[in-house]
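Taking it in order: structure first as structure tokens, then the write-up.
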Amino acid sequence: MVEKGTYMTDLHRSQTNKKKLIETVVVIGVFFLMITACGHDTDKKQEEVVIMQEPPAKGMIEYPQPLQKKNTYDTLNVATYITKIDGMYFIVDCYHNQIIYHDNLSDPLNQWNVLTDEVHYAHTIVSDGTILLVDDTENNRLLVFQQLADGYVHTQTLDNIGMKPHYVQYDANREQFMAWSSITGELYLLRRSKQADEKGIYSLSIENILQIEELYGVYVRSFTLIKDEIYFVSGHNNQKIIKAVINEQDQIDIVAEYQVPPAIAGMVQLTRIGEYYYITISTDNQENQGYATIIRTKELEELETGAYEDIYDMFGVQGGTPYYITEIEGKYYMAHHRTTENIIAFDVEENQIKNVSILY
């Protein structure tokens, strides 16, 4: 420990030395200008311009290399998310601690490639068209990837992202990545660098951290961005959906709250499809997975009274946990676990669920 008096003396000495250094630089600069103003010898060397470079972004990987590894599993173990990026399908294979990718959804899983196996219970992956962002939930960090000439490479690691970062998305309107810390009620806003480095690699930096204090200590699995509004689903120990907006001061304001009954308190995700809000449920308010289901409602205000439709039977599966739903090229896909049906595809036509199929 440094004593207070010693710290203040060192601080004063540092400030004095800094002042002397500035005065010296100014004197040298004036002297240099006097010399160049008096001499016009064309044989003299041209002045060298020193360009100060910004310090490198935190967590950059010095020598990023593609993993070049095939998936060794024939099945998924707690699939949580599926999306399509750069013409490739990506599946977050949560309990296998990996994210895999392939160019179609018909080949067996052992033909898929592994993007990363450095994660511990990752949940989602997203891209802005240039870089890919992954939440590494149990390691409290985010991983950044980019496609280079030799394939996808891990380019950057951002540590200390709240507690259990559980969900990442990209807000195209604000040109920001959004990462949710599921236990601390913190929404991290991150922005990609405008220019790549000499290796062609872009970096990602934290621009802001927004706090919803009443969600601190509440396990909230995701948020949903609908236009300029953000919906945070209910956790088992708060039993309400929160709607918020980011104001002009780049702070977050709660604009509405919707109470939910105990049976659907442990929500996974809220998705707007057609005229309905679709909500996947993991547990009740006692964390009992026996209450896992899918519901939908036209008005969130109706949830409190139980005026919602349970639609789990429409998918032809039971006894599992419906997780994140994504839309890919007009078709919907649902990650699903605790059963052998892990990736379910379906259409919604005039609010009717049709063409349900089990892919993996």
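Position 1 is the first residue of the sequence, and the numbers go up from there.
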Close side-chain approach of S282 and V268, heavy atoms under 4.5 Å = yes
Verify, without hydrogens or angle tests, whether S193 (side chain) and S203 (backbone) share a donor-acceptor contact under 3.5 angstrom.
-> yes
Whether Y101 and F90 hold their rings parallel, tilted or perpendicular, with breakpoints at 30° and 60° | parallel
With hydrophobic residues grouped by side-chain heavy-atom distances under 4.5 Å, do L190 and W180 end up in a single group?
-> no
Which of N113, L76, V92, L115 passes side chain to side chain contact (heavy atoms under 4.5 Å, CB included) with I100? It is L76
Is any NZ, NE, NH1 or NH2 atom of the basic residue among D347 and K354 found under 4.0 Å from an Asp or Glu carboxylate oxygen of the other?
-> no
Is Y231 linked to L225 within one hydrophobic cluster, defined over Ile, Leu, Val, Met, Phe, Trp and Tyr using a side-chain heavy-atom separation of less than 4.5 Å?
-> yes
Stepwise, does the side chain to side chain contact (heavy atoms under 4.5 Å, CB included) test hold for Y360 with W112?
-> CA-CA 12 Å; Y360 295 106; W112 288 51; 3.5 Å; yes
So which heavy atom on S127 is nearest to which on L132, and how close?
-> CB-CG, 4.2 Å
Under 3.5 Å, is there a donor-acceptor pair linking the side chains of H123 and T137?
-> yes
Qualifying residue, where the test is side chain to side chain contact (heavy atoms under 4.5 Å, CB included) with F145 and the options are V153, I131, T116, T155 | T116
Are any of the side-chain heavy atoms of Y276 and V348 separated by less than 4.5 Å?
-> no
Heavy-atom closest pair (A335 atom, I343 atom, distance to 0.1 Å) is CA-CD1, 4.2 Å
Drop me the distance from T83's OG1 to E327's CD, to the nearest 0.5 angstrom.
-> 9.5 Å
Could you tell me which non-hydrogen atom of T124 sits nearest to which non-hydrogen atom of H166, and how far apart they are?
-> OG1-O, 4.0 Å
Would you confirm whether Y312, through its side chain, and G320, through its main-chain N or O, come within 3.5 Å as a donor-acceptor pair?
-> yes
E207/R174 salt bridge by N-O under 4.0 Å criterion | no
Taking the side chain from D103 and the backbone from M88, do they hold a donor-acceptor pair closer than 3.5 Å?
-> no
Determine whether the side chains of R141 and T157 contain a donor N or O and an acceptor N or O closer than 3.5 Å.
-> no
Would you indicate whether the side-chain heavy atoms of Y308 and P261 approach each other to under 4.5 Å?
-> yes
Evaluate whether atom CG of N160 has more than 12 neighbouring non-hydrogen atoms of other residues, nucleotides or ligands under 6.0 angstrom away.
-> no
Measure from the side-chain N and O atoms of T283 to the backbone N and O of Q289, and report whether any donor-acceptor pair falls under 3.5 Å.
-> no
Residues which pass salt bridge (charged side-chain N to carboxylate O under 4.0 Å, His left out) with D159, listed by chain and number, not counting sequence neighbours | none
Is there side-chain contact between Q318 and D313, with heavy atoms separated by less than 4.5 Å?
-> yes
Take atom CE of M314 as the centre, draw a 6.0 Å sphere, and report whether it contains more than 12 heavy atoms from other residues, nucleotides or ligands.
-> yes
Do Q269 side-chain atoms and S222 backbone N/O form a donor-acceptor pair below 3.5 Å?
-> no
Mind telling me whether Y73 and H96 have parallel, tilted or perpendicular rings, with 30° and 60° as the class edges?
-> parallel
Counting N and O atoms only, with roles assigned by atom type, does the side chain of Q146 sit under 3.5 Å from a partner on the main chain of G200, one being a donor and the other an acceptor?
-> yes
For the hydrophobic clusters of this structure (ILVMFWY residues joined by side-chain heavy atoms under 4.5 Å, transitively), does one cluster hold both I212 and V260?
-> yes
Treating Ile, Leu, Val, Met, Phe, Trp and Tyr as nodes and any side-chain heavy-atom pair under 4.5 angstrom as an edge, say whether I281 and Y323 lie in one connected cluster.
-> yes
May I have the step-by-step check of ring-ring contact (aromatic ring centres under 6.0 Å, His included) for Y324 and Y167, ending in yes or no?
-> CA-CA 10 Å; Y324 295 132; Y167 198 73; 4.9 Å; yes
Is any side-chain N of the basic residue among E257 and K243 closer than 4.0 Å to the acidic one's carboxylate O?
-> no
Taking the side chain from N237 and the backbone from G217, do they hold a donor-acceptor pair closer than 3.5 Å?
-> yes
Value rounded to 0.5 Å, distance of CD1 in I344 from CD1 in I294 | 7.0 Å
Do N71 and Q98 have a side chain donor and acceptor closer than 3.5 Å?
-> yes
Report the residue from I85, I82, V168, L133 that forms a side chain to side chain contact (heavy atoms under 4.5 Å, CB included) with I125.
-> I85
Report the residues that fulfil salt bridge (charged side-chain N to carboxylate O under 4.0 Å, His left out) with E62, sequence neighbours left out, ordered by chain and then residue number.
-> none
So, the side chain of S181 versus the backbone of M163: is there a donor-acceptor pair under 3.5 Å, distance only?
-> yes
For E349, does the CD atom have more than 12 heavy-atom neighbours from other residues, nucleotides or ligands under 6.0 Å away?
-> yes
Roughly how far, to the nearest 0.5 Å, is the CG atom of N110 from the OG1 atom of T75?
-> 10.5 Å
Inspect the surroundings of OH in Y291 and state if more than 12 heavy atoms from other residues, nucleotides or ligands are less than 6.0 Å away.
-> no
Check: Y333 and K331 side chains under 4.5 Å, non-hydrogen atoms | yes
